[in-house]
S.K.: 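One structure follows; several queries about it will come next.
Each chain gets a letter, A, B and so on, in the order the sequences are listed, and its residues count up from 1. Every value quoted in this text rests on a predicted model; they were computed, and no experiment measured them.
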Amino acid sequence: MGESNLLFESEESTVFVDALLPLPIPRFFTYRVPRQWAQVVESGLRIVVPFGSTKVLTAVIVSVHHQPPKQYQAKYLLEILDDAPLVTTSQIALFQWVANYYMCYPGEVFQVALPAGLKISSQSKVQVHPEFDQLNELTEKERVIVEAIQAKGALTYDEVARVAEVKSPYHHIKALVGKGAVLIFDELKDRYTPKVIRKIRLCKAWEDIGALTELIKSLEDKTKQISVLLHYLRFIPVLRDPSTNQKGLEKASFSLAELSDSSLQTLLKNGIFESFEVIVSRFGSDQDDFIPATFDLNEPQTKAYQSILDQFQTKETVLLHGITGSGKTEIYIRLIQEALANGDQVLYLLPEIALTTQIVSRLKKIFGEQVGIYHSKFSDNERVEVWKSIVEGKYPFVVGVRSSVFLPFSRLGLIIIDEEHESSFKQTDPAPRYHARDVAMVLANQQGAKVLLGSATPSIETYYQAKQGKYGLVTLSERFGKAQLPELRVLDTKYATRMKQMKGGFSADLVSVLQSNFERGKQSLLFQNRRGYSPYIQCQDCDWIAECNQCDVSLTYHAKDQELRCHYCGYREGLLTRCGACGSTQLKTMGYGTEKLEEELQLLIPDARIGRMDLDTTRSKTAFNSLLSEIQSGNIDILVGTQMVAKGLDFEGLSTVAIFDADRIINFPDFRAHERAFQLITQVAGRAGRRDEQGQVYVQTNQPSHRLFDFIQRGDYAALYADEIVEREGYHYPPFSRLIKLTLRHMEAQAVDQAARYLGGILKERFGHGRVLGPEKPLIERIRNQYAMEILIKLEKGVSLAKFKESLRACLDELPSNKLFKGVQVIPDVDCL
DNA sequence: AGCACGCCGACT
DNA sequence: GTCGGCGTGCTC
């Protein structure tokens with residue numbers, strides 16, 4: 001082989017990788033692979049790459065090839081983080097599908113898919129050049145910066161900005177680099193640190209029974225040491241089974257038994273014990289209370305279970321429509337066990353809010369080590385662990401929230417989506433604005449898995465698909481055991497007001513119901529979907545209302561902290577004593593939040609022990625759990641709560657449920673308001689009387705004859721559906737069309753207005769006036785000083801979505817060409833809720 | 001998305 | 001003359 005040939009070969013065989021970066025950029029980036037890694041690169045590995053002049057990012061390899069880019073010089077990748085692929089090819093395909101469908105970038109999907117612990121944090125830091133001493137050559141600002149860096153050793157750009165009080169530290173730093181005063185370096189750290197425990201075991205020589213008995217004898221007079229050894233043998237029966245020694249005993253066990261640490265050290269020193277470290281799962285091993293599943297399905301459950309299996313023969317997706325308390329969970333468990341026995345992976349998706357300790361601990365008891373939990377209340381380290389474990393084939397069963405559809409599954413057999421109708425499966429705020437239920441179906445399709453949707457109150461869209469025969473449908477209409485459906489009574493607040501029977505927001509009837517239930521020693525639940533004390537405060541003299549100065553919303557009064565808060569931007573200020581307009585001191589709290597209900601109720605029923613469950617009282621995991629146990633142990637007579645009491649909460653003593661303000665739920669300005677009201681009220685009502693006694697449900701409303709109450713009372717989902725589907729068809733709403741919402745945002749109201757009107761015009765012209773609604777002002781016009789306008793596009797079924805989106809994308813891309821609209825953000829939300 | 005570069009007005 | 005503002009375009 002000649003020399004030129006060799007050269008040629010090496011040139012040809014330079015390896016490049018295309019990488020997916022966690023950024024909103026519509027393409028892959030190509031990097032050159034250093035020779036020493038040419039053999040190890042493969043798709044799915046995480047790599048560290050330089051990006052721009054200062055940034056360093058974690059990316060993932062999507063392909064390996066030999067084509068040097070023609071337009072530019074590829075940079076070298078800096079590091080390879082994994083020995084084996086951490087991201088599967090099918091995941092990357094899914095990311096691309098999501099990006100394409102929801103009109104965002106694959107990098108944005110990648111960004112939410114990967115737990116933060118798997119992304120390296122790169123912070124460019126600056127340090128003072130070790131040989132620099134020309135302080136007098138610097139400007140005043142520069143000297144301040146250099147001194148600050150010197151004091152701390154090193155600073156990030158952000159810190160420089162803060163210390164020196166400059167907006168753009170880059171200018172200064174660049175100048176300083178030029179003068180040889182400072183150096184820039186990157187600090188990389190893999191933020192994931194596995195949890196390690198130190199263990200102790202006998203050295204190999206003593207595993208032999210003979211040697212061990214000799215040893216015990218020889219230590220006879222060393223009482224401290226012998227008790228340490230005996231402690232070990234009590235837990236690890238080496239004499240009976242030498243193989244148990246391998247796993248050893250936690251070091252902590254000795255100190256816990258108050259054994260002398262110095263004796264242990266002596267034994268270690270003398271080569272009797274040895275210490276070693278093991279990486280353990282952060283989810284404590286629950287082997288001790290491993291309880292095998294020993295329940296039986298009742299007859300309706302068995303039938304439903306059979307029917308699901310039958311329908312899976314021909315359908316990819318089955319809807320299990322089972323009323324609250326019908327025992328859907330047992331059916332899920334059966335199906336999960338079956339899938340696991342088949343060697344399949346299982347994903348059980350739950351809405352965030354429902355993922356309470358209750359259901360998780362139940363599943364953990366049944367599935368033990370097989371189940372991994374993927375949830376935002378868990379630390380990032382724990383999420384990293386779930387991810388890695390799935391790759392390694394551990395955790396065949398994952399219970400998780402929305403984002404767990406992006407986990408690295410490879411052989412999914414079943415996906416269960418519980419509370420299928422829950423809107424929290426749809427991500428709305430940052431891109432990707434995906435619906436986990438719909439992504440799950442694509443995932444299932446990819447992996448050949450079946451999907452089971454479960455709900456007591458299915459979404460209209462899903463039920464329609466089932467009715468059309470696209471999904472299988474299984475109905476469970478009997479409550480488990482002998483439990484009866486709760487009885488629903490409507491309390492007319494209009495009438496009560498006329499008869500002067502209102503005590504604050506409470507009708508006399510509601511008070512007496514709660515009072516007598518308390519006297520009977522029963523627990524009650526009062527539902528009001530609004531946190532804080534009062535949603536607004538108003539001047540009694542001039543009607544002025546305190547508003548957030550960054551958003552167009554009233555400020556909510558929080559009594560506990562004596563402050564006014566904006567629930568949209570988080571702004572807070574102390575409670576006002578005077579009206580902001582006329583200076584009057586006649587300020588009154590208006591409307592009812594959970595805090596105020598708690599307070600008023602305490603005055604109305606002084607002896608009752610009242611608890612409150614909302615975002616403000618359950619911020620931490622511990623607060624939530626302790627509140628739960630208070631309820632369970634009967635230390636709370638009446639629980640006031642928001643949304644969160646409606647989901648997943650399941651406790652025995654609860655016999656009465658009251659909905660404080662049903663009107664607010666029913667009259668919400670949205671085409672889904674009735675569907676949502678039915679779901680919410682049914683769900684809250686379902687909390688009552690889950691065992692032997694029939695529960696009571698009371699609803700305060702000023703429209704007592706509203707059809708919805710009749711439907712809810714009879715548990716008549718079919719009636720609701722029949723009603724709604726007609727409306728949906730008439731007005732071309734889902735499931736008869738797809739909705740795409742465009743939100744335009746800008747600091748200037750006028751810019752948003754003009755851009756929205758212009759874009760609306762173009763879209764109407766291009767896609768037809770019937771398909772484009774708006775532009776309209778959203779419910780809240782301004783948030784964080786950003787004005788917004790919305791345009792809604794309805795696309796009837798049958799229109800090519802791909803073609804439409806392409807065309808829409810073109811419209812959006814040409815918008816900034818008009819100087820008037822520069823800087824106006826347009827955010828598409830596909831299948832918006 | 002950042003952020004670097006460049007061009008502009010407002011100050012030591 | 002420097003500093004900080006913002007607009008624009010690029011990042012392999």
S.K.: Suppose we screen for ring pair (Phe, Tyr, Trp, His ring centres under 6.0 Å). Which residues come up paired with A/Phe425, at least two apart in sequence or across chains?
M.R.: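 For A/Phe425, no residue satisfies ring pair (Phe, Tyr, Trp, His ring centres under 6.0 Å) once neighbours in sequence are set aside.
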S.K.: Please give, in whole Å, the distance from B/dG2 P to A/Glu108 CD?
M.R.: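 My rounded result for the distance is 11 Å.
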S.K.: Starting at atom NZ of A/Lys55, determine the distance to atom P of B/dA4, rounded to an integer number of angstrom.
M.R.: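 In whole Å, B/dA4 P and A/Lys55 NZ are 9 Å from each other.
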S.K.: Step by step, would you call A/Leu114 with A/Trp387 a side chain to side chain contact (heavy atoms under 4.5 Å, CB included)?
M.R.: CA-CA 9 Å; A/Leu114 224 64; A/Trp387 185 294; 3.5 Å; yes
S.K.: Taking the six-membered ring of A/Tyr76 as reference, does the NZ or CZ atom of A/Arg32 fall below 6.0 Å from its centre and within a 45° cone about the axis?
M.R.: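 Cation-pi check for A/Arg32 and A/Tyr76: passes.
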S.K.: Taking salt bridge (charged side-chain N to carboxylate O under 4.0 Å, His left out) as the definition, give me every residue that meets it alongside A/Glu108, ordered by chain and number, with sequence neighbours left out.
M.R.: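 Testing A/Glu108 for salt bridge (charged side-chain N to carboxylate O under 4.0 Å, His left out), a comparison that skips the adjacent residues, returns none.
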S.K.: Atom CD of A/Glu748 to atom C1' of C/dC6: distance rounded to whole Å?
M.R.: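 A/Glu748 atom CD is separated from C/dC6 atom C1' by 14 Å.
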S.K.: Could you check whether A/Lys388 makes a cation-pi contact with A/Tyr395, meaning its NZ or CZ is under 6.0 Å from the centre of the six-membered ring and within 45° of the ring axis?
M.R.: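 Cation-pi check for A/Lys388 and A/Tyr395: fails.
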S.K.: Could you write out each protein N or O paired with an N or O of nucleotides 8-12 of chain C at a distance under 3.5 Å?
M.R.:
from	atom 1	to	atom 2	distance (Å)
C/dT11	O3'	A/Gly52	N	3.2
C/dC12	OP1	A/Pro50	O	3.4
C/dC12	OP1	A/Gly52	N	3.4
C/dC12	OP2	A/Lys75	NZ	2.5
C/dC12	O3'	A/Thr30	O	2.7
C/dC12	O3'	A/Lys75	N	2.9
C/dC12	O2	A/Thr30	N	2.8
C/dC12	O2	A/Tyr72	OH	2.3
C/dC12	N3	A/Tyr72	OH	3.2
C/dC12	N4	A/Arg27	NH1	3.1

